[in-house]
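Comments concern the structure below.
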2 protein chains.
Amino acid sequence: MSIQAPIEALRGHEPDVMIAACPSRQVLNHVTSRWGVLVLIALQEQTMRFSALRRHIGGVSERMLAQTLQTLEADGFVQRRAYEVVPPHVEYSLSPLGEEVAGKVSDLAHWIEANLGRIPSVAKD
Amino acid sequence: MSIQAPIEALRGHEPDVMIAACPSRQVLNHVTSRWGVLVLIALQEQTMRFSALRRHIGGVSERMLAQTLQTLEADGFVQRRAYEVVPPHVEYSLSPLGEEVAGKVSDLAHWIEANLGRIPSVAKD
DNA sequence: AATAACGCTAACTTTTATGTTAGTACTTCT
DNA sequence: AGAAGTACTAACATAAAAGTTAGCGTTATT
């Protein structure tokens with residue numbers, strides 16, 4: 001008997017983002033999603049509560065922040081720690097795995113910030 | 001007379017992706033867009049023609065590939081070179097600027113490929 | 001006594017992203 | 001002669017992402 005394989009196209013393949021059905025594609029999408037990137041960067045700077053994150057990341061809605069956090073938590077990048085008090089107190093932080101990706105993501109973001117002036121579509125005269 | 005400023009919130013600020021109106025946000029979105037990431041990685045490997053790119057990147061439609069290439073070209077990351085022959089021959093490559101971002105982006109993608117097994121949402125037992 | 005803060009979720013709407021189909025004009029392959 | 005390849009674009013349709021509003025129960029603040 002063979003080991004169960006997810007989809008035929010993946011049989012015997014190493015993970016490759018160029019292959020549409022490869023799970024790495026989905027993880028990549030979570031990480032590079034509009035708010036995913038920013039959440040990872042924010043948490044890299046410091047552990048934060050839900051509302052602190054919301055204030056830190058300009059323009060996120062509560063809904064999107066909650067959703068993004070859940071996705072990243074499911075991927076094992078973000079850790080959620082809730083204290084059973086009232087009013088609620090919940091802290092979000094990066095897992096060791098999360099710190100690794102966050103490093104890559106923030107490298108990219110900081111490169112863009114630092115090189116904005118070299119980008120034609122942005123450069124004003 | 002003062003120098004023209006884009007938006008009030010940006011006056012006197014260094015580029016910061018956490019600020020919703022900062023142009024770095026938009027560039028970040030282009031680069032981390034679903035197909036933007038993959039185009040940059042593909043072109044990092046080699047210069048390619050439109051249809052070669054399309055075959056290389058699993059799942060892109062012609063429309064999305066064309067649109068993504070135009071956006072990245074406007075940002076100065078991708079260079080388009082067309083030969084006036086028939087049938088048409090168009091080559092896409094990375095600009096020096098593009099190679100820099102592509103480096104960051106492929107670091108991220110390759111990290112994900114290499115660490116897929118550590119990611120709970122993917123890991124099978 | 002009314003308000004804001006906390007961390008959400010559900011239901012609904014809008015916007016954006018992405019896909020589909022068809023068409024272009026010419027050439028090479030079958 | 002008919003089909004396929006080339007690099008696209010326009011128009012249209014759909015799906016996915018994101019936003020909006022309202023509400024939960026309790027507490028501290030005003």
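Numbers restart at 1 for each chain; the letters A, B, ... are given by sequence-line order, proteins then strands. Not measured: the values here are computed from a predicted model.
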Between C:dC8 (C1') and A:L53 (CG): distance, integer Å: 14 Å
To the side chain of B:P87, which of D:dT26, C:dT27, C:dT20 is closest? C:dT27
Angle class for the B:F50/B:Y92 ring planes (parallel below 30°, perpendicular above 60°, tilted otherwise)? tilted
Please give, in whole Å, the distance from C:dT20 P to B:Q67 CD? 15 Å
If you check the A:S51 side chain, which of C:dT18, C:dC8, C:dG7 turns out closest? C:dG7
Per A:R49 side chain, nearest of listed nucleotides D:dT20, C:dC8, C:dC6: C:dC6
Result for side-chain contact (heavy atoms from CB on, under 4.5 Å) between A:L53 and one of A:L38, A:L43, A:V60 points to A:L43
Minimum-distance nucleotide (side-chain atoms of A:V86 versus D:dT27, D:dG19, C:dG7): D:dT27
Taking 4.0 angstrom as the limit, do A:R118 and B:E100 come out as a salt bridge? yes
Please give, in whole Å, the distance from C:dT27 C1' to B:Y83 OH? 19 Å
Could you tell me how the ring of A:F77 sits relative to the ring of B:W111: parallel (under 30°), tilted (30 to 60°) or perpendicular (over 60°)? tilted
I need the CZ-P distance between B:R54 and C:dG19, as an integer number of Å. 10 Å
Round to a whole Å and report the spacing from CZ of A:R80 to C1' of C:dC6. 12 Å
Give one of base, sugar-phosphate or nothing for A:R55, where a contact means two heavy atoms less than 4.0 Å apart. sugar-phosphate
For the pair made of OH in A:Y92 and C1' in C:dG7, what is the distance, rounded to whole Å? 7 Å
In whole angstroms, the gap separating P of D:dA16 from CE of B:M64 amounts to 14 Å
A:E62 atom CD is separated from C:dC8 atom P, nearest whole Å, by 10 Å
5'-most contact on DNA chain C: A:E91 or A:R34, nearest heavy atom basis? A:E91
What nucleotide among D:dG19, C:dT9, C:dT20 has an atom nearest to a side-chain atom of B:R63? C:dT20
Do B:E113 and A:D16 have side-chain heavy atoms sitting under 4.5 Å apart? yes
On DNA chain D, compare the nucleotides closest to A:S33 and A:P88; which residue's is nearer the 5' end? A:S33
